[in-house]
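Side chains included, hydrogens not; waters and symmetry mates left out as well; all remaining heavy atoms used. For ligands, and for the atoms within them, numbers begin at 1 and follow the listed sequence.
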Amino acid sequence: MTAVALVPGVFADVVGQDDAVTVLARASAAAGRIVAGEPVPPGEMTHAWLFTGPPGSGRSVAARAFAAALQCPRGGCGECNECHTTLGGTHADVRIVAPEGLSIGVSDMRALVLRAASSPSGGRWQVVLVEDADRLTEAASNALLKAVEEPTDRTVFLLCAPSAHPDDVSVTIRSRCRVVPLRTPSASAVADVLARRDGVDETTARWAAAVAQGHVGRARRLARDADAQARRRAVLAVPRSLSNISACYDAAEALIAASEAEAAAATEGQAAAEKANLERALGAGGTGKGATAATRGTAGQIKELERKQKSRATRAQRDALDRALVDLAAFYRDVLMVRLGAAVPLVHVDIEDVVRAAAARWEPESVLRRIEAVLRCRTALEENVKPRIAVEALMVTLFEG
Ligand SMILES: [Zn+2]
């Protein structure tokens, strides 16, 4: 237990990732010695890191914690201004890139790379954190590679991606990075953090951790947000609702509408605030020739913002739909486990009666076909098949079995 006590405060929220935290804490201690001008053996600290792990494993949480540990004079105390501003995304020497749309473009990346080459204003490190390195365009990826290949002394790149596979990160970038693999945290680790950090009561924390399948952010939402709970219940009611073909189309329609509503709720407030800010910055009103020309430029900027916002909303809708599909897949998985008498815990612990009723009715082969249909639908959505078409096809297969 003494080793745990030595881990700096900022890593407390990196849930269920003891190995990764050990590596990062050691590297940030070495980074502190470099800043102090002390000799450090080669390899103790390096300037490019790749955080990999499934969605919800906390890639960007781990990367932010590491960035804070690098900027903090006490190696990530979690209490000072450097730690707070880094974790909050406002530190002057930590540039965080989160994708606005489906991919990160070359212009964003060039701006970043320029910024990365300047020396840190606070005298420690210039950190560039790319939250979804797998969503870089090829041109952006090339711009990033140049910077990673020729880093300045005090620049650190922190890249996050689902895996180190060439589909996610180019082989050349990967070869320049030290990989920090994160795993899906255990349900008990997720429940602990919900109870400790978010003050969720123990029963709710355990339930949310189980049904969120190791996704920390989703577990927190389910524990605290009644709308998120209602959406989950609606998704889990789908299998029982499929009594005929027309019910399949209704279910598809409802699922699409729910994912649109969820995406709108998640992005609309931000979109309105961004537009108001932009309009204020551009200065509304004014007459005469100069003002007319300025208005034309203004319209272009507003159009550009609207394009980005639309792309972000599309992405949010797809993410919402994907979460619904993951819940559905887990339902059929639970049914299969019960049917086969496997001694493993259920995901959807709170609807065990529904799971058992389905298991009594369906052959294992047909349950498996349903699971495969859900996975096929996810792949189709990834490949940009229209959501309605993919989901309707899914519902028909789930009905027929
Ligand atoms: Zn600190």
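In this structure, H47 NE2 and L158 CG are separated by 11.5 Å, a value rounded to the nearest 0.5 Å.
Below the 2.8 Å limit, the Zn ion (ligand 1) has as protein N, O or S neighbours C72 SG, C77 SG, C80 SG, C83 SG.
For E392 against A252, the heavy-atom pair with the smallest separation is CG-CB, 3.6 Å.
Checked against L144 for a side chain to side chain contact (heavy atoms under 4.5 Å, CB included), the options V169, V128, L159, V97 give a single hit: L159. Of the options I389, V374, L375, a side chain to side chain contact (heavy atoms under 4.5 Å, CB included) to L394 is made by V374 and by none of the others.
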Practice prompt. Assess whether side-chain contact (heavy atoms from CB on, under 4.5 Å) is satisfied between E363 and R339, documenting all intermediate values.
Written response: CA-CA 8 Å; E363 291 302 318; R339 175 84 199 194; 3.6 Å; yes
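With hydrogens and angles left out, the side-chain atoms of R318 and T314 include no donor and acceptor closer than 3.5 Å.
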